[in-house]
Amino acid sequence: MDEQLHELVRETVRAIPAGRVATYGDVADLSRAPSPRLVGQVLNQDGHDLPWHRVLRANGTCAPHIAEEQLQRLRAEGVVDDGGKVDLRRYRWEEAVKERPEEPPGLW
DNA sequence: CAGGTGACACAAG
DNA sequence: TCTTGTGCCACCT
């Protein structure tokens with residue numbers, strides 16, 4: 001089994017500080033997951049005890065079925081959402097960003 | 001062994 | 001900027 005990977009993903013998600021968010025891709029990269037989809041897959045099974053609400057898509061949105069609770073929980077942690085979207089530039093987990101090798105300099 | 005699925009990401013219109 | 005469509009890659013049936 002990929003119990004190792006599962007635990008690794010859970011560790012990564014659990015490592016996300018309150019009031020901060022990370023994308024599935026970032027979690028996948030930090031947890032050495034072969035694909036971001038695995039992160040969602042793992043969360044769907046073993047994410048009950050994890051702050052899964054701190055994990056969202058690359059564009060700052062989240063899945064439809066969980067979006068409401070996602071934003072609600074995020075709001076409770078101090079993360080403001082804009083029409084169902086969160087400003088990743090503001091709330092993106094620093095550690096996750098650190099792993100990103102390239103960022104457009106003129107984006108800011 | 002083969003087919004279907006998904007809590008994603010990226011490209012194109 | 002938002003909406004679709006396609007690709008991905010591992011997991012499940």
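These values consider heavy atoms only, across backbone and side chains, with no hydrogens, waters or symmetry-generated copies. Throughout, protein chains are lettered first and strands after them, A, B, ... in sequence-line order, and every chain is numbered starting at 1.
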Task: 5' precedence on DNA chain C between Gln45(A) and Arg37(A) (nearest-nucleotide basis) - done: Arg37(A)
Open item on the list: Check whether Arg75(A) reaches the backbone of Val80(A) with its side chain - one donor and one acceptor, N or O, closer than 3.5 Å.
Closed with: no
Open item on the list: Rounding to an integer number of Å, can you tell me how far Asp82(A) CG sits from dC2(C) P?
Closed with: 9 Å
Task: Basic-acidic side-chain contact under 4.0 Å: Glu77(A), Arg54(A) - done: yes
- [ ] Report the distance from atom CD of Gln4(A) to atom C1' of dA10(C), rounded to the nearest whole Å.
- [x] 17 Å
Open item on the list: Looking at dC8(B), I'd like to know if its phosphate oxygens (OP1 or OP2) sit under 4.0 Å from a side-chain N or O belonging to Arg57(A).
Closed with: yes
TODO: Provide, to the nearest angstrom, the distance between the CG atom belonging to Asn44(A) and the P atom belonging to dA10(C).
DONE: 19 Å
Open item on the list: If I take atom CZ in residue Arg54(A) and atom C1' in nucleotide dA7(B), what distance separates them, rounded to the nearest angstrom?
Closed with: 16 Å
Open item on the list: Rounded to whole Å, please give me the gap between CG in Leu88(A) and P in dT1(C).
Closed with: 13 Å
- [ ] Could you state the atom-to-atom distance from CD of Gln72(A) to C1' of dA7(B) in whole Å?
- [x] 17 Å
Open item on the list: Rounding to an integer number of Å, can you tell me how far Leu5(A) CG sits from dC12(C) P?
Closed with: 11 Å
TODO: Check whether any side-chain N or O of Lys85(A) sits under 4.0 Å from OP1 or OP2 of dC2(C), and answer yes or no.
DONE: yes
TODO: Could you tell me whether Leu38(A) contacts a base, only the sugar-phosphate backbone, or nothing, with contacts defined as non-hydrogen atoms closer than 4.0 Å?
DONE: sugar-phosphate
Task: Given Val42(A), Val55(A), Val27(A), the one that forms side-chain contact (heavy atoms from CB on, under 4.5 Å) with Thr12(A) - done: Val27(A)
TODO: Tell me which nucleotide among dC10(B), dC11(C), dC8(B) gets nearest to the side chain of Gln41(A).
DONE: dC11(C)
Task: Residue Pro34(A), side-chain atoms from C-beta onward, closest of dA7(B), dA10(C), dC10(B) - done: dA10(C)
Task: Nearest-0.5 Å distance, CG of residue Leu43(A) to NE2 of residue His48(A) - done: 10.5 Å
Task: Whole-Å gap separating C1' (dA7(B)) and CG (Leu74(A)) - done: 14 Å
TODO: Would you check if the side chain of Asp87(A) reaches a backbone N or O of Arg89(A) as a donor-acceptor pair within less than 3.5 Å?
DONE: no
